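See structure below.
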Protein chains: 2
Amino acid sequence: MSNQTNSEYQKAIDYLYQMASDGQLIVGSKIPSERELAQKTGISRNSTREAISILRGIGIVESRHGSGNYVSKDPGSSISMMIKAMLALKSTSKAEIIQVRKVISYSVCELIMDRGLTKEEVADFQSILDGMITASKEEFAEYDRSFHRKLMLLTDNTLFRTLMEPIGEAYLELIPEVIGHTDADSRKALVDIHALLISGLVDHDREKCKAYFEKHYGFVEDGLEL
Amino acid sequence: MSNQTNSEYQKAIDYLYQMASDGQLIVGSKIPSERELAQKTGISRNSTREAISILRGIGIVESRHGSGNYVSKDPGSSISMMIKAMLALKSTSKAEIIQVRKVISYSVCELIMDRGLTKEEVADFQSILDGMITASKEEFAEYDRSFHRKLMLLTDNTLFRTLMEPIGEAYLELIPEVIGHTDADSRKALVDIHALLISGLVDHDREKCKAYFEKHYGFVEDGLEL
DNA sequence: AGGACCAAGTGGTACTACCAGTTGTTTTTC
DNA sequence: GAAAAACAACTGGTAGTACCACTTGGTCCT
């Protein structure tokens with residue numbers, strides 16, 4: 001994991017990564033104080049603070065004035081910030097985000113299809129769909145989000161969720177643009193499309209699921225005029 | 001875009017974001033020097049450097065010693081860093097890494113299957129497979145890696161590559177453990193399995209590709225005793 | 001016990017000084 | 001006059017010190 005950059009601050013980062021891989025740093029735990037870290041790594045406190053600033057930028061460290069620096073509980077959240085920055089700088093990324101989300105969502109469904117859905121899970125999804133029917137444009141996006149979040153939770157693979165979550169966030173920002181192009185009828189159609197997926201999962205029907213994805217993201221791509 | 005945090009360094013970040021939204025900062029352009037920035041925003045050079053460290057952590061600024069700080073051309077590269085850090089911190093299980101890699105790899109193949117492979121691409125893959133046949137245990141892992149890297153390069157979706165790269169790295173660290181359980185015969189079988197995938201991509205044959213993934217990762221899971 | 005207080009430790013900011021690269025200009029050299 | 005060497009004026013990188021602002025845990029007093 002060690003980086004060979006010549007920078008001094010890298011020593012502090014390497015030192016912390018080493019602690020992490022030794023299991024001495026778990027999520028939420030306090031990292032050594034800046035002065036101690038500086039002394040241990042043989043660099044100045046300035047450079048130590050620089051290292052910590054970078055880690056804070058990356059989102060894996062949080063600082064509490066007067067208390068200490070801590071390993072962030074939610075490092076995933078700042079990945080979405082980063083993807084946002086990417087979006088701001090590279091105008092072609094919309095299509096990429098949609099594509100990634102589509103393809104990964106589908107793969108997750110493949111995983112879920114093997115085990116099917118419990119009655120409780122079906123009921124949960126149904127209540128989301130029920131909410132969609134009467135939802136306003138603004139609410140609709142939120143339902144769509146919780147639908148997909150729930151879907152992701154079915155995998156019990158935390159790495160998946162961590163990777164997928166920020167993409168979902170970035171995707172969510174595109175939703176208003178999509179929904180803006182819809183009327184009540186097309187939103188009704190969207191609800192049916194979502195129902196199709198649930199049905200496909202219950203029946204272990206790969207084709208149904210595939211149809212869902214084609215329709216759903218066809219909708220999205222039209223809305224974004226891609 | 002302005003943040004209401006009380007920190008001093010935030011002034012520098014806000015100042016730069018303001019410049020960006022005014023169109024004065026385009027990709028690759030040089031941002032004001034640290035001393036100038038400090039003077040303009042009324043904060044110390046220390047705090048200015050802290051701001052720039054964070055921006056460098058986020059990946060939207062690159063620093064060149066003796067030259068200046070520049071708006072990054074490739075903000076995506078640091079997403080990889082971030083995911084790597086996450087993998088180190090969250091003691092992700094082997095099974096999760098394998099599963100994510102499998103699913104994303106498969107997703108990419110779905111994308112590629114639509115367009116198939118050019119003759120040149122097939123030849124490139126074939127040369128990797130040829131290398132595998134005579135490879136030692138140690139070399140085999142490296143071939144496997146370049147195989148999958150090449151696969152990833154076929155999707156011109158940079159977001160995909162960005163997400164996949166660190167997972168590939170994590171996966172790579174597991175490879176020696178897998179290969180350690182193999183003999184020459186089973187490695188020969190692995191080469192055949194890889195050839196199956198290429199054949200599937202050429203023929204647009206989804207089932208062949210699927211068979212590849214089942215066999216390949218079945219192999220891996222056995223090797224890791226999952 | 002309860003509350004007020006205090007002291008030690010922590011991150012936050014500033015200033016200064018110097019090192020180490022880069023870059024464009026000037027001077028030297030042929 | 002053109003190429004090469006030297007220089008000067010930038011740039012970011014590192015270090016050290018001092019002090020401020022805040023948190024925390026303990027002590028002392030009531």
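Quick caveat, the model's predicted, so the values are computed rather than measured. In the text below, chain A, chain B and the rest are named by the order of the sequence lines, each starting its count at 1.
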### Message
Does any part of the side chain of A:Val61, heavy atoms only, come nearer than 4.5 Å to the side chain of A:Tyr70, both counted from C-beta?
### Response
no
## Note on the structure
By nearest-heavy-atom nucleotide on DNA chain C, the more 5' of B:Arg35 and B:Ile43 is B:Ile43
### Task
Would you mind telling me which of D:dT14, C:dT22, D:dG13 lies closest to the side-chain atoms of A:Glu8?
D:dT14
### Positive for side chain to side chain donor-acceptor pair (under 3.5 Å) with A:Tyr217, one of A:Arg101, A:Lys102, A:Gln99
A:Arg101
### Task
Could you check A:Asn46 against B:Lys30 and say which one's nearest nucleotide on DNA chain D is further toward the 5' end?
B:Lys30
#### Entry: Any donor-acceptor N/O pair under 3.5 Å between D:dG13 base and B:Arg64 side chain
no
### Query
D:dG13 phosphate, OP1 or OP2: any side-chain N/O from A:Ser47 under 4.0 angstrom?
no
### Between P of C:dG21 and OH of B:Tyr70, the distance in whole Å
16 Å
### Query
Could a donor-acceptor pair under 3.5 angstrom be found where the side chain of A:His65 meets the base of C:dG11?
yes
## Note on the structure
Here the distance between atom P of C:dG11 and atom CD of A:Glu62, to the nearest Å, is 14 Å
#### Entry: Nucleotide C:dA17, atom C1' - distance to CZ of B:Arg45 in whole Å
11 Å
#### Entry: Nearest-Å distance for atom pair CG/P, residues B:Asn69 and C:dG21
17 Å
### Message
Rounded to whole Å, how long is the line connecting atom CD of B:Gln10 with atom P of C:dG12?
### Response
13 Å
## Note on the structure
Ranking D:dG16, C:dG12, D:dG13 by distance to the side chain of A:Ser44, first place goes to D:dG16
### Query
Parallel under 30°, tilted from 30 to 60°, perpendicular over 60°: which one fits the rings of A:His216 and A:His194?
perpendicular
### Query
Taking OP1 and OP2 of D:dC22, is either one under 4.0 Å from a side-chain nitrogen or oxygen of A:Ser67?
no
### Query
What's the CG-C1' distance between B:Leu55 and D:dG12, to the nearest Å?
15 Å
### N-O pairing of A:Lys30 and A:Glu62 below 4.0 Å
no
### Task
Flag the pair A:Arg115 and A:Glu121 as a salt bridge only when some basic side-chain nitrogen lies within less than 4.0 angstrom of an acidic carboxylate oxygen.
yes
### Query
Which whole-number value in Å describes the distance from A:Glu34 CD to D:dA18 P?
18 Å
#### Entry: Atom pair distance, as rounded to whole Å: NZ in A:Lys11 and P in D:dG13
15 Å
